[in-house]
Amino acid sequence: MRRTLTLAVMIMSALCMNAQKEEAAKVLETAVAVNSYFMKMWEDPTEPTFVRRKRPSSLWTRAVYYEGLMALNEIAPRNEYMEYTDRWAAFHKWTPRYGTKTTHADDQCCGQTYIDRYNMVGGEEKIDSVKLNLHKQMNSGRCDYWTWIDAIQMAMPVYSKMYKLTGEKEYMDYAMKLYTWSRDTCGNGLFNVEEGLWWRDADYVPPYKEKDGQNCYWSRGNGWVYAALVKVLSDIGPKNEYYEPLLKDFLLMSDAIRKCQREDGFWNVSLVSPVTFGGKELTGTALFLYGMAWGIQQGILDKDTYLPACDKAWRAMKEDAVHANGFLGYVQGTGKDPSAGQPVTYSSVPDFEDYGTGCFLLGAAEYYKLLTSMK
C-alpha cells in the first residue's frame, strides 16, 4: 500500500511539474510576442517620440521599457535585444536625459539599464555620466526631490545598483534619505502605514477623497513603489542596514495589494475605489505581479497565500489584455491619478505604449521565474 501511495504521489508531482513547465513556456511565448510587437513598431530605438511635443527616446517611458527588456533577456537571452538596447543607449551617450546636471528622477531612469549593461559587458563609458549625475545630486545636500511616488521607481534603483556595483555606502545612505522624506515628510507622509498604500503626491493626501469617500490610491503609482522595493531589496541584500525597514514596507504593501485584487485578477485604477474608477488596468496589475512573484521566490511571501493572486493576475493579463499581434489593451495613459487617460479599454491606445510593455515584461519575466522555480 505504501509503495502504491508513493508511486501515486510521484506521478502527481511529475504531472504538476510538467504542467508548470508548459505554463512557463506559454508565459515566455507571450512575453516574446508582446516585445516583438513593440520592437517592430519602433525599429529605430533612437527615434524621438511625438506625443504633443518632441521628446528624446531616453525619457522615462522608454527607460521603463528597457527595464522590461532586460528582464526578458534574463530569461530568454537574444543578441537582438542587447543590440537594440546598446544602440539606444549609445545614441544617448549613456547619459541621463538632459545631461548630468539633472536632478529629476524621470531623467535618471535610463541609468538603470546603463548600469545593467555595464555589469554584463563592462565599459566605463556606460556608467561615467551616471556616477557624475548622482554625485552632483548627492552634493546638493537636499533630500526633497522625490515629491511624487513614481520617482521612487525611476531613481532609487539607480542608486542601489550603483551601491551594489561599487560597494560605496554613500549611494544607499542618500537614497534612503530621499525615500524617507517622501515616505514620512512630503505631504505629511505619502505612505499610509495603516492601510499599506501610498498617495501619489501631496495633492492626494487627506482631506482629498474619491467621490465615494475612499482614499485615492493610484494603482500604477503604488506599482512603481512596489517594483522599486523589489529592485532595491535585491541589490542590497538582507545584511544591509536598510533591508529590514524596506522589507517591512514591502510586506505592508503586499498584504494591502493582495486584499484589493479584483475577482477577475486585475486591480482597479483607483485601488480601493471601484465606484469612482473601476475597470481593468494592465500596468499596475503587471507591477503587482512582478513584486508578488519575486516575494514568493525569496521566501518572503507565503506561497499558498500569494500564488493564487499571481495566477489570477497572469491569466487576466494574458487572456484579457494581449491582442493577437502583441498590442496591449487596458494600459492607462500617462498622468498622475486614476482619472488620467480614461476610459481605459481593451482597444484604447495610451499616449505612450512603451512603459506599458515594460511593465508587462517585468511581470511576465518574474512570473516565468516563479513557475520554473517551483517543485
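Quick note: numbers below take in every heavy atom, side chains included, and nothing from hydrogens, waters or symmetry partners.
In this structure, E194 has no salt bridge (Lys or Arg N to Asp or Glu O under 4.0 Å) partners at least two apart in sequence or on a different chain. In terms of the side chain to side chain donor-acceptor pair (under 3.5 Å) criterion, S373 has no residue partners (sequence neighbours excluded). Every residue meeting the side chain to side chain donor-acceptor pair (under 3.5 Å) condition with T345, not counting sequence neighbours, appears here in chain and number order: S348. Partners of N119 according to the side chain to side chain donor-acceptor pair (under 3.5 Å) rule, which considers only residues two or more places apart in sequence or in another chain, do not exist here. Remark: K169 pairs with D173, E241 by the salt bridge (Lys or Arg N to Asp or Glu O under 4.0 Å) rule, at least two apart or across chains. Taking T357 as the reference, nothing meets the side chain to side chain donor-acceptor pair (under 3.5 Å) condition, with sequence neighbours excluded. By the side-chain contact (heavy atoms from CB on, under 4.5 Å) test, M41 pairs with Y37, F38, E353, sequence neighbours left out.
Around atom CD of Q298, more than 12 heavy atoms belonging to other residues, nucleotides or ligands sit under 6.0 Å away. The number of heavy-atom neighbours closer than 6.0 Å to CG of N79, taken from other residues, nucleotides and ligands shown, is 12 or below.
Residues F360 and T30 are in side-chain contact: their nearest non-hydrogen atoms beyond the backbone lie under 4.5 Å apart.
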With side-chain contact (heavy atoms from CB on, under 4.5 Å) as the criterion, how do I236 and L246 come out once you've worked through the C-alpha distance, each side chain's angles and the decisive distance to 0.1 Å? CA-CA 10 Å; I236 66 178; L246 292 175; 4.1 Å; yes
Candidate pair L251 and L301, rule side-chain contact (heavy atoms from CB on, under 4.5 Å), full reasoning
CA-CA 8 Å; L251 292 174; L301 299 180; 3.8 Å; yes
Might you work through the side-chain hydrogen bond (donor to acceptor under 3.5 Å, both in side chains) test for N139 and Y174, ending with a clear yes or no?
CA-CA 10 Å; N139 291 338; Y174 185 71; over 6 Å; no
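For residues 118-137, the pairs satisfying ring pair (Phe, Tyr, Trp, His ring centres under 6.0 Å) are H135-Y171, with sequence neighbours left out. Applying the salt bridge (Lys or Arg N to Asp or Glu O under 4.0 Å) definition to pairs two or more places apart or across chains, those involving residues 123-146 are R142-D144. Among residue pairs with one or both ends in residues 330-341, those qualifying as salt bridge (Lys or Arg N to Asp or Glu O under 4.0 Å) are D201-K336, D203-K336; sequence neighbours excluded. Applying the salt bridge (Lys or Arg N to Asp or Glu O under 4.0 Å) test to residues at least two apart or on different chains, the pairs with a partner in residues 339-351 are R52-D351.
In this structure, L229 CG and F250 CZ are separated by 7.5 Å, a value rounded to the nearest 0.5 Å. Rounding to the nearest 0.5 Å gives a distance of 9.5 Å between CG of L190 and OG1 of T185. Taking CG of L72 as the start and OG of S36 as the end, the distance is 8.5 Å to the nearest 0.5 Å. The CZ atom of F191 sits 9.5 Å away from the CG atom of D184 when rounded to the nearest 0.5 Å. Taken from OH in Y163 to CD1 in I115, the straight-line distance is 14.0 Å, to the nearest 0.5 Å.
Under the side chain to side chain donor-acceptor pair (under 3.5 Å) rule, Y159 has a single partner from E170, Q137, K164, which is Q137. Residue W88 is tested with Y114, Y65, W42 for a ring-ring contact (aromatic ring centres under 6.0 Å, His included); the sole match is Y114.
Proximity of a side-chain donor or acceptor of E74 to a complementary backbone N or O of M70 within less than 3.5 Å is not detected. Checking side-chain atoms of E281 against main-chain N and O of G284 turns up a donor-acceptor pair under 3.5 Å. In this structure, the side chain of Q261 engages the main chain of A309 through a donor-acceptor pair within 3.5 Å. A donor-acceptor pair under 3.5 Å is formed between the side chain of S182 and the backbone N or O of L178. In this structure, Y98 contributes its side chain and H104 its backbone to no donor-acceptor pair below 3.5 Å. Using a distance-only test at 3.5 Å, with no hydrogens or angles considered, no donor-acceptor pair links the side chain of E43 to the main chain of M39. When atom types are taken as modelled, the side chain of D354 and the backbone of V64 share no donor-acceptor pair closer than 3.5 angstrom. T283 places no side-chain N or O within 3.5 Å of a backbone atom of C359 that could act as its donor or acceptor partner. Side-chain atoms of N222 come within 3.5 Å of backbone atoms of W198 as a donor-acceptor pair (strictly under, hydrogens ignored). R220 places a side-chain N or O within donor-acceptor distance of the main-chain N or O of G333, the cut-off being under 3.5 Å.
In this structure, a donor-acceptor pair under 3.5 Å is present between the side chains of N215 and K209. In the model, S254 has a side-chain atom that pairs as donor or acceptor with a side-chain atom of Y226 under 3.5 Å. A donor-acceptor contact closer than 3.5 angstrom is absent between the side chains of S273 and Y217. In summary, the side chains of Q332 and W218 do present a donor paired with an acceptor at a separation below 3.5 Å, with no hydrogens or angles considered. When only modelled atom types and interatomic distance are considered, N133 and Q108 share a side-chain donor-acceptor pair under 3.5 Å. Donor-acceptor pairing under 3.5 Å is recorded for the side chains of N268 and R262. Judged by distance alone, the side chains of W294 and S234 do bring a donor and an acceptor atom under 3.5 Å apart. For the 3.5 Å distance criterion, the side chains of Y81 and D86 fail to qualify, holding no donor opposite an acceptor. Counting only N and O atoms by type, the side chains of D311 and Y367 include a donor and acceptor under 3.5 Å apart. A donor-acceptor pair shorter than 3.5 Å cannot be found between the side chains of T85 and E83.
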Ignoring hydrogens and angles, write down the donor-acceptor pairs under 3.5 Å from the side chains of residues 313-328, residues two or more places apart or on other chains.
| residue | atom | partner | partner atom | Å |
| --- | --- | --- | --- | --- |
| D320 | OD2 | K280 | NZ | 3.2 |
| H323 | NE2 | Y346 | O | 2.8 |
| N325 | OD1 | F327 | N | 3.0 |

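There is a path of hydrophobic side-chain contacts, each under 4.5 Å, that joins V230 to Y179. Connection of F266 to L271 is not established within any shared hydrophobic cluster, with ILVMFWY side chains joined at heavy-atom distances below 4.5 Å, either directly or through further cluster members.
Both the sub-6.0 Å distance and the 45° axial angle are not jointly satisfied by R62 relative to the ring of Y355.
Taking a cutoff of 4.0 Å between a charged side-chain nitrogen and a carboxylate oxygen, K369 and E366 qualify as a salt bridge. Salt-bridge check for D264 with K312: failed, with every basic side-chain N at 4.0 Å or more from each acidic carboxylate O.
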